[in-house]
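Shown next, in structure tokens, is the structure this report addresses.
Just so it is clear: chains get the letters A, B, ... in the order the sequence lines come, proteins before strands, and each one is counted from 1.
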Amino acid sequence: MQEQGKPDNFIEKNIIEDISSGLNKGRVQVRFPPQPNGYLHIGHAKAICLNFGLASRFEGHCNLRFDDTNPLREKQEYVDSIQEDIRWLGFEWDQLCFASDYFDQFHDWAVQLIGQGDAYVCDLTAEEVREYRGGLKEPGRDSPHRDRTIEENLRLFALMKGGEFPDGSKTLRARIDMASPHIIMRDPVMYRILRSTHHRTGDDWCIYPTYDWAHGQGDAIEGVTHSLCSLEFTNHRPLYEWFLDKIGLEDGPRQTEFARLALSYTVMSKRSLRTLIEDGHVEGWDDPRLPTLSGMRRRGYTPESIRSFMNGIGVAKFNSTIEYSVLENSIRDHLNKIAPRRMAVFNPLKLVIENFPEDLQEMVEAVNNPEDSESGTRQLPFERELWVDRDDFRLEPPRKWRRLAPGAEVRLRYGYCVTVQDVIQNSETGEVEELRCVYDPETARGQTPDGRKVRGIIHWVPASCCIELPVRLYSPLFVVPDPDHVPEGKQLADLLAPGSLEETTALCEPSLQEANPGDRFQLERVGYFIADQHLSCPGAPHFARIVPLRDSWAKQEKRQADSRS
RNA sequence: UACCCGGUGGUGUAAUUGGCAACACAACUGGUUUUGGUCCAGUCAUUCGAGGUUCGAGUCCUCGCCGGGUAGCCA
């Protein structure tokens with residue numbers, strides 16, 4: 001769309017150059033090519049935002065293509081969840097494609113390569129292939145079957161396809177160069193014999209193409225111009241181009257690599273995610289502590305926040321790790337604008353206003369969202385007995401404390417200012433049980449008639465009609481910033497944070513009772529919460545913390561404590 | 001070091017292609033505020049190192065140093 005604008009990254013820069021040089025007649029086509037062997041995670045979202053974003057920026061096309069060349073690992077369940085996640089993120093593909101749709105074409109091209117002397121049937125076992133391949137510093141050796149005649153290769157390949165040989169007994173290999181310094185070019189396997197029911201082609205095939213033999217060809221069939229992939233495929237690019245060249249395609253797709261996303265304090269590899277799920281450390285693929293898109297959706301992340309996160313982190317070839325705070329910032333930023341505010345007390349302490357009439361319930365007006373003037377106001381019952389948060393009271397207040405303390409005055413948000421008169425403590429344990437206060441009737445609606453400044457403002461709920469609701473508090477799953485690198489002698493599970501899921505309850509203002517599953521709120525001074533979609537029932541919400549609010553006081557206090565010790 | 005890729009603040013990404021190192025996050029300082037939230041202002045890098053070309057180098061050249069990837073019939 002904005003071809004005139006500045007490129008956001010090196011890939012857009014390349015495409016702008018390609019367009020101006022007339023490559024592919026200025027056409028831009030990309031694709032998102034997941035293997036349906038797991039659920040999508042935030043790392044995939046980077047590729048999704050990149051590819052679909054490119055298509056819309058350059059008025060091109062972006063297909064969703066499932067790279068389903070290995071029936072051993074792939075399932076329809078994953079095909080479905082991947083589509084759901086992409087749509088949830090806010091993108092729609094031009095065409096829904098499957099590599100398996102091209103199996104006939106791949107086969108015909110393989111026959112063509114055999115005919116050209118560019119591929120041969122090899123009888124070596126997997127282990128023998130590895131031995132013959134050589135090492136990083138030593139060249140490989142030719143397979144003893146490398147020089148079979150074209151006719152023999154054609155005959156054997158037909159037999160392979162016809163199911164005449166057992167699994168793994170033969171492969172079709174490209175005939176390139178066993179001494180190549182690029183190990184990937186040492187006669188890579190194109191087809192393996194594999195009897196496994198494919199989720200789309202059933203038992204039609206007993207030979208399946210490898211990634212290298214399928215990917216570039218799939219790109220070419222669809223008319224992809226720019227084939228983006230992650231850095232670990234850089235080594236494969238010569239092979240990608242070799243196959244395209246041997247097939248004889250002109251103006252084919254070009255592969256460009258970029259660094260995949262890494263996030264601190266989380267794991268992204270499918271292997272690690274699977275371990276967490278299968279070993280029961282989390283509740284499933286959509287556990288809200290996981291970076292899977294289904295997990296983040298359940299956690300309360302919005303598609304907008306993920307997209308803006310992706311815009312912020314950029315695209316490059318450098319292998320980097322994004323700090324978790326960047327992600328948190330993006331969801332806070334969006335929720336700040338759209339989430340209605342409510343009040344809830346997590347760690348209740350009774351506050352009694354001694355000079356407030358016993359039977360009075362005064363309705364006070366509370367703003368629903370100061371960032372959104374459309375969101376209106378609501379009424380809150382203010383009364384003699386309230387609950388406040390225990391963390392907002394200190395018997396011996398530290399420096400710069402602005403909240404409740406003996407003799408201190410604070411404002412109860414949207415209500416009146418109160419001054420602590422007496423602190424009732426348990427005679428044996430000394431535990432604070434109740435705060436006896438007096439209020440100033442002249443301080444309604446944020447007023448202070450004498451103009452005095454009341455710095456502290458705390459949240460509260462009415463004791464008579466608040467409701468206790470279950471709440472889950474999530475925190476990072478891992479204690480180390482880089483859990484994808486497990487130290488020697490340790491396991492992934494050793495790096496898990498013990499309290500990443502805390503189940504508790506909160507005393508909530510009455511309106512929260514009607515929250516619907518999926519509703520998001522800011523609980524003032526605490527954080528953003530969502531009524532969990534699995535755990536909530538109509539009329540009985542079960543909340544979960546999406547992300548805490550920034551807390552500069554906690555930071556300051558921690559700093560003071562650190563400098564003292 | 002067999003080949004490939006990369007190196008710009010604490011973390012990421014930019015820099016009109018050789019012309020004042022910018023933006024975001026983090027951190028810190030102050031201001032505003034009926035959320036210690038939000039918002040606003042300010043502080044925080046001479047670009048891995050050494051040479052070279054040039055009026056001028058993050059950008060070009062040379063030599064180093066450091067990091068990542070590749071030896072699946074996974075993708």
Side-chain angles (χ1 to χ4, degrees), chain A residues 6-9 13 33-35 37 67-70 72-74 122 124-126 129-131 133-140 167-173 180-186 188-194 207-208 210-212 214-215 229-238 257 259 264 270 311-330 332-333 336-337 341 343 366-367 370-371 400-403 411-415 417 443 445-448 454-459 522-527 549-557 559:
Chain A
K6 273 190 204 152
D8 282 339
N9 55 59
K13 202 182 293 182
Q35 181 189 20
N37 71 339
D67 229 327
D68 55 349
T69 56
N70 186 353
L72 255 24
R73 303 189 183 202
E74 295 146 9
C122 177
L124 257 27
T125 65
V129 167
R130 192 181 325 126
E131 280 168 27
R133 185 158 32 225
L136 289 178
K137 298 177 187 179
E138 305 80 34
D167 284 9
S169 62
K170 285 183 168 48
T171 54
L172 182 73
R173 299 176 68 180
S180 173
H182 298 275
I183 289 179
I184 192 76
M185 299 297 271
R186 319 238 258 231
V189 170
M190 296 167 64
Y191 276 98
R192 69 274 213 191
I193 304 174
L194 195 63
I207 56 171
Y208 288 94
T210 56
Y211 165 86
D212 289 301
H215 202 93
C229 63
S230 45
L231 250 29
E232 65 268 33
F233 292 103
T234 308
N235 291 313
H236 294 237
R237 191 170 356 121
E257 310 84 18
S264 64
K270 261 172 201 166
N311 281 334
I313 61 172
V315 179
K317 277 176 174 288
F318 180 65
N319 253 315
S320 61
T321 300
I322 309 291
E323 288 178 350
Y324 197 75
S325 63
V326 182
L327 216 211
E328 289 191 322
N329 182 265
S330 73
R332 279 198 202 101
D333 193 50
N336 177 48
K337 293 180 192 111
R341 309 298 118 125
M343 291 200 285
V367 173
E371 304 294 316
K400 295 192 175 175
W401 180 255
R402 307 217 295 241
R403 309 177 191 175
R411 175 173 294 283
L412 294 165
R413 176 132 239 234
Y414 300 122
C417 294
T443 55
R445 289 175 297 280
Q447 307 294 306
T448 43
V454 178
R455 293 280 276 164
I457 298 154
I458 63 167
H459 58 102
Q522 184 198 101
L523 298 182
E524 294 211 43
R525 304 210 309 132
V526 180
L549 243 34
R550 217 179 253 121
D551 187 349
S552 63
W553 166 252
K555 227 180 315 186
Q556 186 178 332
E557 195 174 33
R559 212 168 38 237

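Atom pair A:Y211:OH and B:A75:C1' shows a separation of 7 Å (rounding to whole Å applied). Rounding to whole angstrom units, CG of residue A:N9 and C1' of B:A15 are separated by 15 Å. Between the C1' atom of B:C39 and the CZ atom of A:R332 lies a distance of 16 Å, rounded to the nearest Å. To the nearest angstrom, P of B:G37 lies 10 Å from CZ of A:R525. Spacing between atom OH of A:Y191 and atom C1' of B:C74 amounts to 17 Å, rounded to whole angstrom units. In this entry the distance linking CZ of A:R413 with P of B:G37 reads 12 Å, nearest Å. In this structure, CG of A:N235 is placed 11 Å from C1' of B:A71, rounded to the nearest angstrom. Rounded to an integer number of Å, the gap from CG of A:N319 to P of B:U11 is 15 Å.
Among the heavy atoms of the strands, none lies under 4.0 Å from A:D167. Using a 4.0 Å heavy-atom distance criterion, A:K170 is classed as making no nucleic acid contact. Looking at heavy-atom distances under 4.0 Å, A:L172 makes no contact with the nucleic acid at all. A:R173 comes within contact range of no nucleotide atom at all, as no heavy-atom separation falls under 4.0 Å. Residue A:T125 is in base contact, counting any heavy-atom pair closer than 4.0 Å across all strands shown. Among the atoms of the strands shown, base atoms are found under 4.0 Å from some heavy atom of A:G168. Contacts of A:V315 with the nucleic acid, taken as non-hydrogen atoms under 4.0 Å apart, involve only primed sugar atoms and P, OP1 or OP2. Residue-level contact check: A:R186 touches neither bases nor backbone, having no heavy atom under 4.0 Å from any strand. Among the atoms of the strands shown, base atoms are found under 4.0 Å from some heavy atom of A:Y414. The residue A:I313 sits close only to the backbone: its heavy atoms come under 4.0 Å of sugar-phosphate atoms, none of a base. Residue A:A316 is classed as a sugar-phosphate contact, given heavy-atom separations below 4.0 Å to backbone atoms only. Using a 4.0 Å heavy-atom cutoff across all strands shown, A:I322 reaches sugar-phosphate atoms only and no base atom. A:K400 comes within 4.0 angstrom of a base, heavy atoms only. Nucleic acid contact for A:P370: base, since at least one base atom lies under 4.0 Å from a heavy atom of the residue.
For A:H236 against B:A75, a side-chain-to-base donor-acceptor contact under 3.5 Å is present. At a cut-off of 3.5 angstrom, counting only N and O atoms as typed in the model, there is a donor on one side and an acceptor on the other between the side-chain of A:E371 and the base of B:G37. Side-chain atoms of A:Q522 come within donor-acceptor range of the base of B:U35, with a qualifying N/O pair under 3.5 Å.
Between A:R550 and B:A26, a side-chain N or O to OP1/OP2 separation shorter than 4.0 Å is present. Side-chain N/O atoms of A:T210 include none lying less than 4.0 angstrom from OP1 or OP2 on B:C74. Within the structure, a side-chain polar atom (N or O) of A:K13 is placed less than 4.0 Å from OP1 or OP2 of B:A15. Here A:T321 does not reach the OP1 or OP2 of B:U11: none of its side-chain N or O atoms lies under 4.0 Å away.
Taking syn as a glycosidic angle within 90° of 0, B:U35 does not qualify and is anti. Base orientation for B:G72: syn, the chi torsion being within 90° of 0.
To the nearest 0.5 Å, the span separating CG on A:N235 from CE on A:M185 amounts to 11.5 Å. Note that the NZ atom of A:K6 and the NZ atom of A:K13 stand 11.5 Å from one another [nearest 0.5 Å]. Here the straight-line distance linking atom CD of A:Q522 with atom CD of A:E371 works out to 9.0 Å at 0.5 Å rounding.
Between B:G37, B:G72, B:A75, one nucleotide has an atom nearer to the side chain of A:F233 than all others, and that is B:A75. Checking B:A71, B:A75, B:U38 against every side-chain atom of A:D67, the shortest atom distance belongs to B:A75. The A:N336 side chain lies nearest to B:G37 when the options are B:U70, B:U34, B:G37. Ranking B:C74, B:A2, B:C5 by closeness to the A:P181 side chain, first place goes to B:A2. Of the candidates B:G36, B:C25, B:A26, B:G36 carries the atom nearest the A:W401 side chain, counting heavy atoms from C-beta on. Side-chain atoms of A:E524 lie closest to B:U35 of the nucleotides B:A75, B:U35, B:A26. For A:R192, counting side-chain heavy atoms from C-beta on, the closest listed nucleotide (B:C74, B:C25, B:G36) is B:C74.
A salt bridge does not link A:D551 to A:K555: none of the charged side-chain nitrogens sits closer than 4.0 Å to a carboxylate oxygen.
Nucleotide B:U46 has no partner under the Watson-Crick or G-U criteria, as no pair reaches both atom distances under 3.5 Å. Across the strands present, B:A57 finds no partner; the criterion is a Watson-Crick or G-U wobble pair with both atom distances under 3.5 angstrom. Under the Watson-Crick or G-U wobble criterion, with both distances below 3.5 Å, B:A71 is left unpaired in every strand shown. B:U33 is unpaired under the Watson-Crick or G-U wobble criterion, no partner having all donor-acceptor distances under 3.5 Å. Checking B:A22 for Watson-Crick or G-U wobble geometry (two distances, each under 3.5 Å) identifies B:U13 as its partner. Across all strands shown, B:U8 has no partner, as no Watson-Crick or G-U wobble contact with both distances under 3.5 Å is found.
Stacking annotation: A:W553 is stacked on the base of B:G36 (ring centroids less than 5.5 angstrom apart, interplanar angle below 30 degrees).
Residue A:H215 is tested with A:D67, A:T210, A:T69 for a side-chain contact (heavy atoms from CB on, under 4.5 Å); the sole match is A:D67.
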